[in-house]
Structure formats: structure tokens, C-alpha cells
Q: 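One structure, as C-alpha cells, below. Some questions next.
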Amino acid sequence: MTVGLFIPCYIDQFYPRAGIATLQLLEKVGCTVEYPREQTCCGQPLANSGMEKEARPIYAHFVETFRSYDYVVCPSGSCVYHVTHHYDTLEQTETVRRLRERTFELADFLVNVVGVKQLNARFPARVGVHNSCHGLRGLRLGESSERVGADFSYYRYLLGMVDGVELVPLDRVDECCGFGGTFSVNQPELSTKMGRDRIADHLRHGTEVITSGDMSCLMHLEGLIRREGLPLRVMHVAEILNG
């Protein structure tokens, strides 16, 4: 299969290593990966700020850029959720519908499309998983506490294939980190308090590395970790799965 790799703005600008790890990981599991250089933002920041009309040309550009690929894969639950759930404001042509159906978050793609059963990777560390709100409650990448059902997590499943990883249990496994995009700008005090709560949970249980499928959440937590000199690192899950 040929995969179009979509890299979110903040990974492109601040965490390119997460994008490179995603590319390498997809190639390791047998995908032919292309990175269309004309790609831009998915339009989520504008839409979340109440300017969805202004975002529609960005949506249309995204569709045109990625329409020819078998699948579109992105290392971000929030961006994927926006494409799959909010591109309903476009005219639902066959091309748009197909693109929305075939755009996947990385872990979802590895588990449900590729069907990964093993990974040749090693990462000796105590790892705590941060579940992003869009990934958990929007894309159903894991079970959230407000729903009754079987416990599952695509991230824990995949990390369990990595030699040396010790998954750390947390008190509140699905609590928001407080980032929320523009929420962290409009409500900085509340956002900071929520971030500190999440970090404290990891510290109580001896986490060495916090990982997530959303680098935006990790960026928020890393800012607090670096300012306060805490003994923690953040890494996108693709970096760990890539070994």
C-alpha cells in the first residue's frame, strides 16, 4: 500500500524527530511512504477559533493533496479527528468521503490496517502513557473511564511489543493535560494547573518518559517539566516504537 504521510504543524516546526520516526516506522512495517511537500495545515486551529468558513480552502487543499493515496497516516489524534469528523462541512463527493474514511492516526493504522503483531524495537525505560482527549474520546484509541466496556489501549498494546519498556500505572489514566490548543492561551492558569496535575501523577509512579500519540499534549507538558526542572522526558510514541 502507498501511504501519504501527513505531519502536523507543531511536529514540522518543533519536533521533526517525531515525524522522521513515523516515516521510518511505517517503512519498517512494509508501507511505501510518500511525503507530499505541498501539504499544509489541516485547518483545525482556524476552525477551533470559530473561523471554519475561512478554514474551508485549507480543507480543500488537504483533500487535493492527499486524494491519490491508499491511506493517509498522521502521528496526531487531534488532526486526524478533525479530518475525519469536521470535513463534513465540505461537499461530500466520493473523493472527500474516501479520504475521510482512509485517514488514520498512526497507532490505529498499525493495529487495524497493517495488523502489526511484533516490532523489532528496544527502549529500556519506565514509560507513562498520556491519552489525548481527541485520540481517546474522539477516535476511540482506548477505553475512557466514563464509558462501560472492555479495557483496551492501542498504545499499551503496541508498547508491549517493545523490549525493555515498563509501562507505568497511573491514578488517572485518561485525564486531560490542559493543553486544548487555544484553551492554553485563553485560560493559562487553569491549563497550567491541569498540566501540573498530570505530571504529578507520573512522578508519583516513577515515570521516566511520558509518551503520547499527540505531540501537542507533550509540548504542553514539556514546557512545565523544563521550567520546573523535573526529572522527566517526553517522547512521541512513534519514537519509542521505532526503537
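Start at 1 with the first residue, then count along the sequence. Since the structure is predicted, the reported quantities are computational estimates derived from the model, not experimental observations.
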Q: Under a single-linkage definition using a 4.5 Å side-chain heavy-atom cutoff for Ile, Leu, Val, Met, Phe, Trp and Tyr, are Y157 and V173 assigned to the same hydrophobic cluster?
A: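 Hydrophobic grouping puts Y157 apart from V173.
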Q: Would you check if the side chain of R100 reaches a backbone N or O of V96 as a donor-acceptor pair within less than 3.5 Å?
A: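 No, because the side chain of R100 does not come within donor-acceptor range (under 3.5 Å) of the backbone of V96.
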Q: Does any N or O in the side chain of D171 come within less than 3.5 Å of the main-chain N or O of D201, such that one atom is a donor and the other an acceptor?
A: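 Checking the backbone N and O of D201 against the side chain of D171, no donor-acceptor pair under 3.5 Å is found.
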Q: Just grab all the salt bridge (Lys or Arg N to Asp or Glu O under 4.0 Å) pairs involving residues 130-140, residues at least two apart or on different chains.
A: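 Only R137-E146, R137-D174, R140-E143 qualify under salt bridge (Lys or Arg N to Asp or Glu O under 4.0 Å).
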Q: Which residue pairs pass the ring pair (Phe, Tyr, Trp, His ring centres under 6.0 Å) test when at least one of the two sits in residues 101-134, sequence neighbours left out?
A: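 Those involving residues 101-134 are Y71-F104, Y71-F109, Y81-H134.
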Q: Is a side-chain donor or acceptor of T84 paired with a backbone partner of V80 at a separation under 3.5 angstrom?
A: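 Yes: the side chain of T84 pairs with the backbone of V80.
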Q: Is it true that V237 and L158 fall in one hydrophobic cluster, defined by side-chain heavy atoms closer than 4.5 Å?
A: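 As far as the 4.5 Å side-chain criterion goes, L158 and V237 are connected within one cluster.
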Q: Any donor-acceptor pair under 3.5 Å linking the side-chain atoms of T103 with those of Y87?
A: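 There is no such pair (donor and acceptor under 3.5 Å, judged by atom type) between the side chains of Y87 and T103.
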Q: Donor-acceptor pair, T2 side chain versus D70 backbone, under 3.5 Å?
A: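 Not a single qualifying donor-acceptor pair exists.
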Q: Test of understanding: with salt bridge (charged side-chain N to carboxylate O under 4.0 Å, His left out), list the residues that count as partners of E91, not counting sequence neighbours.
A: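 Here no residue qualifies.
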Q: Under a 4.5 Å cut-off applied to non-hydrogen side-chain atoms, are L110 and V73 in contact?
A: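 Of all side-chain heavy-atom pairs linking V73 with L110, none is under 4.5 Å.
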Q: Check for a donor-acceptor pair, side chain of Q92 on one end and backbone N or O of L90 on the other, with a separation under 3.5 Å.
A: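 Yes: the side chain of Q92 pairs with the backbone of L90.
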Q: What's the verdict on salt bridge (Lys or Arg N to Asp or Glu O under 4.0 Å) for E94 and R97, showing C-alpha distance, side-chain angles and the deciding distance?
A: CA-CA 5 Å; E94 178 60 28; R97 288 197 301 271; 2.9 Å; yes
Q: If hydrophobic clusters are built by linking Ile, Leu, Val, Met, Phe, Trp and Tyr wherever their side-chain heavy atoms come under 4.5 Å apart, do V127 and L136 end up in the same one?
A: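 No, no single cluster joins them.
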Q: For the CD atom on E38, are there more than 12 heavy atoms of other groups (residues, nucleotides or ligands in this structure) within a distance under 6.0 Å?
A: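 Correct, the count exceeds 12.
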Q: Once rounded to the nearest 0.5 Å, what's the spacing between atom CZ of R233 and atom OG1 of T207?
A: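 R233 CZ to T207 OG1: 12.0 Å, rounded to 0.5 Å.
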Q: So does T211 get a backbone contact from the side chain of H236, meaning a donor-acceptor N/O pair under 3.5 Å?
A: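 A pair under 3.5 Å: no.
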Q: Where do A107 and Y154 come nearest, in terms of heavy atoms and distance?
A: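 Heavy atoms of A107 and Y154 come nearest at CB-CB, 4.1 Å.
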Q: Flag yes if more than 12 heavy atoms outside D88 fall under 6.0 Å of its CG atom; otherwise flag no.
A: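 Enclosed.
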Q: Where the side chain of S184 meets the backbone of G180, is there a donor-acceptor pair that is under 3.5 Å apart?
A: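 Such a contact is absent between S184 side chain and G180 backbone.
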Q: Is a side-chain donor or acceptor of S212 paired with a backbone partner of D214 at a separation under 3.5 angstrom?
A: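 Yes; judged by distance alone, with no hydrogens or angles, the pair exists.
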Q: Is it the case that the side chains of K28 and N242 hold a donor-acceptor pair, with the cut-off being a distance below 3.5 Å and no angle test?
A: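 A donor-acceptor contact under 3.5 Å links the two side chains.
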Q: Got a sec, which pairs hit ring pair (Phe, Tyr, Trp, His ring centres under 6.0 Å) with one end in residues 182-211, sequence neighbours left out?
A: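 Matches after skipping sequence neighbours: none remain.
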Q: If the condition is salt bridge (charged side-chain N to carboxylate O under 4.0 Å, His left out), which residues does K193 pass it with, not counting sequence neighbours?
A: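 Listed in chain order: D197.
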Q: If you round to the nearest 0.5 Å, how far is CG of L141 from CG of N112?
A: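 N112 CG to L141 CG: 9.0 Å, rounded to 0.5 Å.
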Q: Using distance alone, with no hydrogens and no angle criterion, decide if E239 and Y15 have a side-chain donor and acceptor under 3.5 Å apart.
A: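 Result is no, nothing qualifies.
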Q: Taking R198 for the side chain and R172 for the main chain, is one N or O donor matched with an acceptor at less than 3.5 Å?
A: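 Answer holds: yes.
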Q: Could you work out, with salt bridge (charged side-chain N to carboxylate O under 4.0 Å, His left out) as the rule, every residue matching E105, not counting sequence neighbours?
A: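 For E105, no residue satisfies salt bridge (charged side-chain N to carboxylate O under 4.0 Å, His left out) once neighbours in sequence are set aside.
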